[in-house]
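Data block below; observations after.
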Amino acid sequence: FMVKDGERIPADGVIVTGATHVDESLLTGEAAPIAKATGDTVVAGSLNTGGVIEARATRIGGDTTLAQIIRAVEHALSSRSGLERTVDRIARVFVTIVMVIAVATCLGWWSAGAPLGEAILRAITVLVIACPCALGMATPLALTAALGAASRQGILVRDSRVLETVRKVDTVVFDKTGTVTEGEFALVDETWCLGTAAHSFSTA
């Protein structure tokens, strides 16, 4: 397949003709485009920012690197964390208790002489206030919202159980330049010594 300047690469492959620079930040977080030449590999979803290249596809469709990342995110959305399983167990007991209380409320008011309609209304009130469904729905919805928010920020979570343990993390080490930077230098400090200025630079 041929990829022109400004086009996205449609499949994983190997360059057979041409040379270019490819923006792979979608997959690697690398800020600067990476030089690619004949024999180098390219990945689906990356952006061609240089010349025209011809490549031979090695993986297409669901076998591409991008597709594997998407499957990892889908797995995280479908996986059940320990917290969810615990909430489900509690919810089963809680729902049973609430139903028993609602039935007892209805029978109690009815036996006390209240009209049947009013007794049923009291039972429904118990169900609405207790809202047993919310207990089982809140945790999955919160996890799904967290995974969605993380993905919009470029953070891909492979397992939802990570969200339960990330609060215990006190040190994060990045071993790759460009992962959390824009790859552009900026003046952050200036010190004057004997008529000359000493500058400190940092990657923004």
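Starting from 1, each residue takes its place in the sequence as its number. Just so we're clear, the structure is a prediction, and the values are computed from it rather than from any experiment.
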**Q.** Identified side chain to side chain contact (heavy atoms under 4.5 Å, CB included) partner of Val43 from the options Asp12, Thr58, Ile9
**A.** Asp12

Q: Identify which one of Leu121, Leu127, Val126 satisfies the side chain to side chain contact (heavy atoms under 4.5 Å, CB included) criterion when paired with Thr105.
A: Val126

Q | 4.5 Å side-chain heavy-atom contact, Phe1 and Glu54 | A | no

Q.
Keeping Glu118 on the side-chain end and Pro115 on the backbone end, is there a donor-acceptor pair under 3.5 Å?
A. no

Q. What are the two closest heavy atoms between Ala123 and Cys106, and how far apart are they?
A. CB-CB, 3.8 Å

Q | Stepwise side-chain contact (heavy atoms from CB on, under 4.5 Å) check, Val52 with Met2 | A | CA-CA 7 Å; Val52 178; Met2 178 182 293; 3.7 Å; yes

Q | OG1-CZ distance between Thr41 and Arg59, expressed to the nearest 0.5 angstrom | A | 9.0 Å

(Q) Between Asn48 and Glu7 (side chain of the first, backbone of the second, donor and acceptor by atom type, cut-off under 3.5 Å), is there such a pair? (A) no

**Q.** Heavy-atom closest contact (Ala57 atom, Ala11 atom, distance)
**A.** CB-CB, 4.4 Å

Q.
Quick check on side chain to side chain contact (heavy atoms under 4.5 Å, CB included): which of Val22, Asp23, Asp5 does Leu47 satisfy it with?
A. Asp23

Q. Any sub-3.5 Å donor-acceptor pair from Thr20's side-chain atoms to Gly50's backbone N or O?
A. yes

Q) Residues two or more places apart in sequence or in another chain: which of them pass side chain to side chain contact (heavy atoms under 4.5 Å, CB included) with Ala145? A) none

Q | Expected output: side-chain Lys36 to main-chain Ile15 donor-acceptor under 3.5 Å | A | no

Q) With the 4.5 Å side-chain cut-off for hydrophobic clustering, are Ile129 and Met99 part of the same group? A) no

**Q.** N/O donor-acceptor pair under 3.5 Å between Arg8 side chain and Gly45 backbone
**A.** yes

